[in-house]
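First the structure, in the form of structure tokens, and then the observations on it.
For the numbers below, each heavy atom of this structure counts, side chains included, while hydrogens, waters and symmetry mates do not. Computed from a prediction, not measured in an experiment: that's the story for all the values here.
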Amino acid sequence: LTLGSDYAEVSTLRPPRRFSTIDASDLTDILGMLNVLLTTSSLLSRDPAATLFTRTLLGGSELLKSFPDKLCCDPKTLFLLLDLVPSDYLPGITTHCNFHDITCEIHLPRADGKSQFCQHLAWKILSVIEDEPPSSLVLDVEPACGLLYGIYLRMFSHEDIESLESQPMSALRNLESFHYSRRSFALFVRHLTTRITADWDRVIVRLLERIKAANHIIHGKLYLQERS
């Protein structure tokens, strides 16, 4: 990323490097939820009012499953890892109601069989909301490796040959919408090294061993050098 001359140290009117409001619109559907959260989290001001807005399409009858699939991880776990949380999850209530959308999708399905509705989320920096400094999670080698490997499998589920063989041909059309590359995964792991205290040399060695042994992921072994 190359910034303009306005960001130079000698500039008298330097633009902000952090923002109180970021509207990502539907970029989570275009670029992937993890990619958007990872790149925008560092741009948010450390202020309780700072908010990242996202708008994401979810499957109507698969609400509970669709959101974790978008995150490639258990939601509460990812909130801790990224130090970001949707404001709706804090009090347990939301000003956006999807009940009518879900009901219509279940009882009045579309002719093409594609059920979906839009989920609006307002993300906050968790440590700022709790008025505490960002805490570092402490994990042993195997739990840390298991966490990363689980996220890896979800990020590249479109390459899971065992899953593909059991899918109907109509479902294969969704393969064109995958968002993550091995570089995405490597950047995500690098970010987690700032959030998790672990023996990272051993974690990475163990993770690469598991990736190498995952024969059901079509292109897994081809990118080992890129990830290392």
A side-chain contact here means heavy atoms from C-beta on lying under 4.5 Å apart; do [X] and [Y] qualify?
X      : Y      : result
Cys72  : Tyr180 : yes
Phe185 : Phe156 : yes
Ile125 : Leu84  : yes
Arg55  : Asp26  : yes
Val128 : Leu44  : no

Distance in Å, [X] [atom1] paired with [Y] [atom2], rounded so as to fall on 0.5 Å steps:
X      : Y      : atom1 : atom2 : value
Leu37  : Leu27  : CG    : CG    : 11.0 Å
Leu34  : Cys73  : CG    : SG    : 8.0 Å
Met155 : Tyr152 : CE    : OH    : 10.0 Å
Ile217 : Asn215 : CD1   : CG    : 10.0 Å
Leu153 : Leu148 : CG    : CG    : 11.0 Å
Leu71  : Arg154 : CG    : CZ    : 8.5 Å

Return the set of residues passing side-chain contact (heavy atoms from CB on, under 4.5 Å) with Thr51 (not counting sequence neighbours), or none when no residue passes.
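Thr51: side-chain contact (heavy atoms from CB on, under 4.5 Å) contacts with Phe53, Ala122, Lys124.
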Under the side-chain hydrogen bond (donor to acceptor under 3.5 Å, both in side chains) test, which residues partner [X], sequence neighbours left out?
X     : answer
Arg18 : none
Ser41 : none
Thr21 : none
Thr28 : Thr56

Side-chain donor/acceptor pairs under 3.5 Å, residues 74-82, sequence neighbours excluded:
from: Asp74; atom 1: OD2; to: Lys76; atom 2: N; distance (Å): 3.4
from: Asp74; atom 1: OD2; to: Thr77; atom 2: N; distance (Å): 3.1
from: Asp74; atom 1: OD2; to: Thr77; atom 2: OG1; distance (Å): 3.1

Would you say Leu43 and Leu187 are hydrophobically clustered, going by side-chain heavy atoms of ILVMFWY under 4.5 Å?
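Shared cluster, yes.
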Could you see if Val205 belongs to whatever hydrophobic cluster contains Ile211? Use Ile, Leu, Val, Met, Phe, Trp, Tyr and a side-chain cutoff under 4.5 Å.
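Different clusters: Val205 never reaches Ile211 through Ile, Leu, Val, Met, Phe, Trp or Tyr contacts under 4.5 Å.
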Closest non-hydrogen atom pair, Asp88 against His120
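Shortest heavy-atom separation between Asp88 and His120 comes out as OD2-O, 4.0 Å.
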So, for Ala24 and Leu52, which heavy atoms are closest and what is the spacing to 0.1 Å?
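That closest heavy-atom pairing would be CB-CD1, 4.1 Å.
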Lys70 with Asp29: basic N within carboxylate O range, under 4.0 Å
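Salt bridge: yes.
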Steps toward side chain to side chain contact (heavy atoms under 4.5 Å, CB included) verdict (Leu192, Leu137)
CA-CA 10 Å; Leu192 293 190; Leu137 306 175; over 6 Å; no
Determine all donor-acceptor pairs shorter than 3.5 Å in which one atom belongs to a side chain in residues 138-145; sequence neighbours excluded.
from: Glu142; atom 1: OE2; to: Arg206; atom 2: NE; distance (Å): 2.9

Applying side chain to side chain contact (heavy atoms under 4.5 Å, CB included), run through Met33 and Val36 and close with a yes or a no.
CA-CA 5 Å; Met33 179 75 80; Val36 171; 5.9 Å; no
